[in-house]
Amino acid sequence: MLRHISHRVLGQGLRSPAAVGGLRRMYHERVVDHYNNPRNVGSFDKTDPNVGTGLVGAPACGDVMKLQIRVDEESGKIVDACFKTFGCGSAIASSSVATEWVKGKQMEEVLSIRNTEIAKHLSLPPVKLHCSMLAEDAIKAAVKDYEAKRLKSNGSEEAAPMEKAADA
């Protein structure tokens with residue numbers, strides 16, 4: 001009986017036009033779109049030498065973001081990206097946008113993506129800016145992880161300048 005009552009109350013309440021309208025007023029349509037239809041959800045094999053993994057979190061709100069990039073070794077371009085995020089709609093949308101923006105770009109280019117650009121694109125309110133900061137940090141962490149793997153496998157110093165840029 002409790003299940004029936006809670007289903008009626010919760011189920012109808014969440015689907016009511018007033019509830020949906022309230023969500024749309026709270027979040028910009030781009031956030032809602034990326035939340036309802038997230039791009040590039042998934043994960044790659046983290047042991048793949050062509051994959052960089054960035055795992056970041058925000059202790060204050062509990063959001064955790066894992067962003068991975070797959071890099072073409074010869075060209076240095078990011079050929080694919082994916083994410084898994086445990087967090088609010090703004091964190092999921094920020095992750096989704098970040099994976100879209102890094103695809104097809106050189107490693108140096110993605111290091112210039114700033115949280116302010118992501119926040120502006122999604123029209124995030126000030127209270128949600130930490131979500132876009134997580135996305136920027138995840139990109140940098142993924143690049144740093146890829147470069148560390150590359151250094152380890154090559155045993156060379158050719159990747160060192162990029163690693164320093166990722167720390168910036």
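Everything numeric in this text was worked out from a predicted model, so none of it was measured. When reading the values below, keep in mind they use all heavy atoms of this one structure, side chains included, and skip hydrogens, waters and symmetry mates.
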### side-chain contact (heavy atoms from CB on, under 4.5 Å) between V41 and C82, intermediate numbers included
CA-CA 5 Å; V41 175; C82 63; over 6 Å; no
#### Entry: Atom NZ of K77: over 12 foreign heavy atoms under 6.0 Å
no
### Matching residue for I69 among V51, V143, T53 - test: side-chain contact (heavy atoms from CB on, under 4.5 Å)
V143
### Close side-chain approach of K149 to K152, heavy-atom, < 4.5 Å
no
### Query
If you look at every heavy atom in A98 and L67, which pair is closest and at what distance?
CB-CD1, 3.8 Å
### Query
Taking C-beta and beyond as the side chain, do E73 and R150 meet within less than 4.5 Å on heavy atoms?
no
### Query
Same cluster for L122 and I139 if Ile/Leu/Val/Met/Phe/Trp/Tyr side chains link at under 4.5 Å?
yes
#### Entry: Side-chain (E136) to main-chain (M133) donor-acceptor, under 3.5 angstrom
no
### Query
Going by distance alone, is a donor N or O of one side chain under 3.5 Å from an acceptor N or O of the other, for N40 and K103?
yes
#### Entry: Verdict with supporting geometry, L55 and M65, side-chain contact (heavy atoms from CB on, under 4.5 Å)
CA-CA 6 Å; L55 183 63; M65 186 179 293; over 6 Å; no
### Query
Between the side chain of R70 and the main-chain N/O of F44, is any donor-acceptor distance below 3.5 Å?
no
### Query
Which pair of non-hydrogen atoms, one from Q106 and one from S75, has the smallest distance, and what is that distance?
OE1-O, 3.1 Å
### Query
Are D63 and C88 close enough that some pair of their side-chain heavy atoms sits under 4.5 Å apart?
yes
### Query
Do R39 and F83 have side chains that get closer than 4.5 Å, going by heavy atoms?
no
### Message
Between I118 and W101, is the side-chain contact (heavy atoms from CB on, under 4.5 Å) condition met? List the steps.
### Response
CA-CA 9 Å; I118 296 169; W101 286 5; 3.6 Å; yes
### Summary
Taken to the nearest 0.5 Å, the spacing of S90 OG from H28 NE2 works out to 12.0 Å
### Task
Determine whether V31 and L124 make a side-chain contact, defined as any pair of heavy atoms from C-beta on separated by less than 4.5 Å.
yes
### Query
Is a side-chain N or O of K66 found less than 3.5 angstrom from the main chain of A138, in a donor-acceptor match?
no
### Task
Identify the two heavy atoms, one from L129 and one from N115, that lie closest to each other, and give their separation to 0.1 Å.
O-ND2, 4.3 Å
### Query
Should V102 and V97 be regarded as members of a common hydrophobic cluster, given that ILVMFWY residues are connected when their side-chain heavy atoms come within less than 4.5 Å of each other, either directly or indirectly?
yes
### Contact check, side chains of S132 and T116, non-hydrogen atoms, under 4.5 Å
no
### Message
Using every non-hydrogen atom in the two residues, find where H130 and A58 come nearest and quote the distance to one decimal.
### Response
CD2-CB, 4.4 Å
### Query
Between NZ of K140 and CD1 of I113, what distance do you get to the nearest 0.5 Å?
10.5 Å
### Message
To the nearest 0.5 Å, what is the distance between CD on E29 and NE2 on H34?
### Response
11.0 Å
### Separation between CG of D145 and CD of Q68, rounded to the nearest 0.5 Å
8.5 Å
### Query
Listed by chain and number, what are the side-chain hydrogen bond (donor to acceptor under 3.5 Å, both in side chains) partners of S95, not counting sequence neighbours?
T85
### Distance-minimising heavy-atom pair for G42 and K84
O-CG, 3.5 Å
### Message
Please determine whether salt bridge (Lys or Arg N to Asp or Glu O under 4.0 Å) holds for the pair E117 and K120, giving the CA-CA distance in whole Å, both sets of side-chain angles, and the decisive distance to 0.1 Å.
### Response
CA-CA 5 Å; E117 297 168 327; K120 184 176 179 181; over 6 Å; no
